[in-house]
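We use all heavy atoms of the structure for the numbers below, so side chains are in, but hydrogens, waters and symmetry mates are not. Every chain is numbered from 1, with letters handed out A, B, ... down the list of sequences.
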Amino acid sequence: KQEVTQIPAALSVPEGENLVLNCSFTDSAIYNLQWFRQDPGKGLTSLLLIQSSQREQTSGRLNASLDKSSGRSTLYIAASQPGDSATYLCAPWSSSYKLIFGSGTRLLVRP
Amino acid sequence: EAGVTQSPTHLIKTRGQQATLRCSPISGHTSVYWYQQALGLGLQFLLWYDEGEERNRGNFPPRFSGRQFPNYSSELNVNALELEDSALYLCASSLGEGQSTDTQYFGPGTRLTVL
């Protein structure tokens, strides 16, 4: 059974800092892994998808890495901005064809 | 291109009633997924439909059910509502091709409140 852990649970940083969000999962038999952001009371916005055969994926100031064998993924946010404040969720997509979500990292970027 | 849409935005029901939530996938997507996000419990997988068939369901009682229509839109029904069913219900869609590049795109959600 896939279990997903995200560390830290919450993070508060001043604007401009680079930061790293961590995700670990127990079952390495995954199709891919997605990172999402969720604003309070809203749906999810897909940020990045890393295929199981990939090590890294980049979009703008975001970079996500995947180490499938060790069951880890990290999301790196460069030069953080107040608009980045949200909850960030990682979700490996397992062979049972469903996303399993971590509990998220709640990020606050202070101006 | 229109994203995933869900209706209604908010729904208020009383215990014992039935709730019906609707989802329209992105054009060209054949798979629809339902997730529940209850306070303090995180996002939980509910149901997956593809090509009109239920393909997988999460650990939820049978009073959670749904269907997918020929146009790939979907309906989630919750019977005999209980207070703990109060949650944000999110629908997602994907191409459903089973490829590692397949991405789930989420709608804005329906907030269900059970009084």
Side-chain donor or acceptor of A:Ser80 paired with backbone N/O of A:Glu17 under 3.5 Å: yes

Distance-only polar pair, side chains of A:Asp67 and A:Ser69, donor-acceptor under 3.5 Å: yes

Portion of B:Arg111 that has a non-hydrogen atom of chain A nearer than 4.5 angstrom: side chain

Flag for A:Asn32-A:Gln51: side-chain donor and acceptor within less than 3.5 Å: no

Best-contacting candidate, B:Cys91, B:Gly58, B:Pro108, against chain A by heavy atom pairs under 4.5 angstrom: B:Pro108

B:Gln68 side-chain N/O to B:Glu51 backbone N/O, donor-acceptor pair under 3.5 Å: yes

Interchain contact, A:Ser46 with chain B, by part (heavy-atom threshold 4.5 Å): side chain

Enclosure of A:Arg55 CZ (heavy-atom neighbours >12, cutoff 6.0 Å): no

Portion of B:Gln6 that has a non-hydrogen atom of chain A nearer than 4.5 angstrom: neither

Segment of B:Leu43 engaging chain A (4.5 angstrom heavy-atom cut-off): both

Side chain, backbone, both or neither of A:Gln38 within contact of chain B (heavy atoms, under 4.5 Å): side chain

